[in-house]
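The structure appears below as structure tokens.
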There are 2 protein chains.
Amino acid sequence: MASLGDLERSVMDLLWDSAEPLTANDLRDELAANAGASKELAVTTVLTVLARLEKKGLVERERSTRPHRYTASSSREDHTVELLNEALGNAQDREAVLARFIGGISPDEAAALRAILDSPKSA
Amino acid sequence: MASLGDLERSVMDLLWDSAEPLTANDLRDELAANAGASKELAVTTVLTVLARLEKKGLVERERSTRPHRYTASSSREDHTVELLNEALGNAQDREAVLARFIGGISPDEAAALRAILDSPKSA
DNA sequence: GCAGATTTCTACAGCTCGTAGAAACTTCAG
DNA sequence: CTGAAGTTTCTACGAGCTGTAGAAATCTGC
């Protein structure tokens with residue numbers, strides 16, 4: 001239950017980047033703006049996608065207000081972490097994977113990682 | 001170009017676990033054994049899946065031998081790392097994600113990570 | 001109560017995946 | 001060389017997911 005389609009992803013990106021909840025119309029407008037005039041989606045299209053994202057648990061909807069307002073149910077980072085864990089899930093020897101993974105990241109990120117590991121975050 | 005279907009995944013698992021290249025018949029038999037008698041796939045089914053996996057670049061095929069022999073083109077770990085990077089790919093602030101990710105792994109793995117980071121692997 | 005905005009329902013085309021038969025091809029025995 | 005048995009390729013279909021949206025139902029303010 002992870003991979004998103006292109007449009008679903010675009011919608012999520014907008015929701016993640018927005019501090020405020022957005023309506024379907026807001027999203028339609030933003031999508032049009034971001035993609036140039038080439039993309040003039042029908043509002044029903046956006047609503048369908050939102051309904052699907054809601055069903056997938058990725059967005060929440062305020063039904064109280066009349067134009068329903070949608071928000072991402074978790075941050076982009078948390079979502080990405082979920083993806084990472086999912087990808088790691090079906091790996092038996094996690095450590096071997098992590099080793100290789102670490103080997104491939106930039107020195108900056110390695111430094112950041114070390115800082116995180118050494119930080120007293122595990123209270 | 002990442003997610004595999006159930007059967008595709010099963011086939012990859014067998015190929016990854018095998019030191020030797022396998023034929024479609026080998027795979028059909030193993031699949032039947034692993035899944036109990038419930039699964040008696042036609043060989044053509046296995047061949048179709050193998051062809052698709054080959055097209056995806058996940059398996060390689062020896063056409064020289066008569067029953068073609070198939071091998072995974074990269075190790076399970078390398079493949080998983082690719083998935084990880086793919087998941088991270090569409091995240092802007094990789095460090096924030098990594099921080100959260102690290103926060104969620106087990107102490108053992110954290111220790112392993114530290115060891116990896118500190119090791120003189122970057123030759 | 002109605003017009004306009006909004007949401008829900010229904011639908012379809014394109015793609016992937018599991019599944020496999022039919023047809024073509026290869027190879028070995030006789 | 002010829003045919004049978006094994007192997008591979010071609011073609012296909014149904015199910016599920018995604019982009020897309022019209023039609024119909026619903027709501028809301030005037």
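All chains are named by letter (A, B, ...) in the order of the sequence lines, taking the proteins before the strands, and each is independently numbered beginning at 1.
In this entry the distance linking CG of B/Leu41 with P of D/dT7 reads 17 Å, nearest Å. Across the protein-nucleic acid pair, A/Asp6 atom CG and C/dC15 atom P stand 13 Å apart, rounded to whole Å. Following rounding to the nearest Å, A/Arg52 (CZ) and C/dT10 (P) show an atom-to-atom distance of 14 Å. One interatomic measurement links the two molecules: CG of B/Leu7 to C1' of C/dT16, which rounds to 13 Å at whole-angstrom precision. With rounding to whole Å, A/Lys55 atom NZ is found 12 Å from D/dG16 atom C1'. Rounded to whole angstrom, the span from the CG atom of B/Leu50 across to the P atom of C/dC17 amounts to 14 Å. In this structure, A/Glu54 places its CD atom 16 Å from C1' of C/dC9, rounding to the nearest Å. One interatomic measurement links the two molecules: CD of A/Glu62 to C1' of C/dT6, which rounds to 16 Å at whole-angstrom precision.
Contact annotation: A/Arg28 does not reach the phosphate of C/dA5 (side-chain N/O to OP1 or OP2, under 4.0 Å). Side-chain N/O atoms of A/Arg63 include none lying less than 4.0 angstrom from OP1 or OP2 on C/dT6. Here B/Arg61 reaches the OP1 or OP2 of D/dT9: one of its side-chain N or O atoms lies under 4.0 Å away.
A distance of 6.5 Å separates NE2 in A/His79 from CE in A/Met12, rounded to the nearest 0.5 Å. Annotation: the span from B/Trp16 atom CH2 to B/Thr80 atom OG1 amounts to 6.0 Å, rounded to 0.5 Å.
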What pairs of nitrogen or oxygen atoms, one from the protein and one from nucleotides 21-30 of chain C, lie under 3.5 Å apart?
residue: C/dT26; atom: O4'; partner: B/Arg66; partner atom: NH2; Å: 3.3

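With DNA chain D read from its 5' end, the first of the two nearest nucleotides for A/Gly5 and B/Arg69 is the one closest to B/Arg69.
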Enumerate donor-acceptor pairs with a distance under 3.5 Å from any side-chain N or O in residues 47-55 of chain A to protein atoms, sequence neighbours excluded.
residue: A/Thr48; atom: OG1; partner: A/Thr44; partner atom: O; Å: 2.9
residue: A/Glu54; atom: OE1; partner: A/Arg61; partner atom: NE; Å: 3.2
residue: A/Glu54; atom: OE1; partner: A/Arg61; partner atom: NH2; Å: 2.8

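If you check D/dT20, D/dT8, C/dA20 against the side chain of B/Pro67, the one that comes closest is D/dT8. Side-chain proximity of B/Thr45 to D/dT18, C/dA20, C/dC17: nearest is C/dA20. Out of C/dA20, D/dT20, C/dT6, the shortest distance to the side chain of A/Asn25 is found at C/dT6.
Listed by first then second residue, pairs satisfying salt bridge (charged side-chain N to carboxylate O under 4.0 Å, His left out) with a partner in residues 94-111 of chain A read A/Arg94-B/Glu109, A/Arg100-B/Asp78, A/Glu109-B/Arg94, not counting sequence neighbours. Within the structure, the salt bridge (charged side-chain N to carboxylate O under 4.0 Å, His left out) test picks out the following pairs touching residues 15-34 of chain B (sequence neighbours left out): B/Asp17-B/Arg76.
Counting non-hydrogen atoms under 4.0 angstrom, B/Leu47 reaches a base of the nucleic acid.
In terms of the salt bridge (Lys or Arg N to Asp or Glu O under 4.0 Å) criterion, B/Arg66 has no residue partners (sequence neighbours excluded). Under the side-chain contact (heavy atoms from CB on, under 4.5 Å) criterion, B/Thr65 pairs with B/Glu62, B/Arg69, not counting sequence neighbours.
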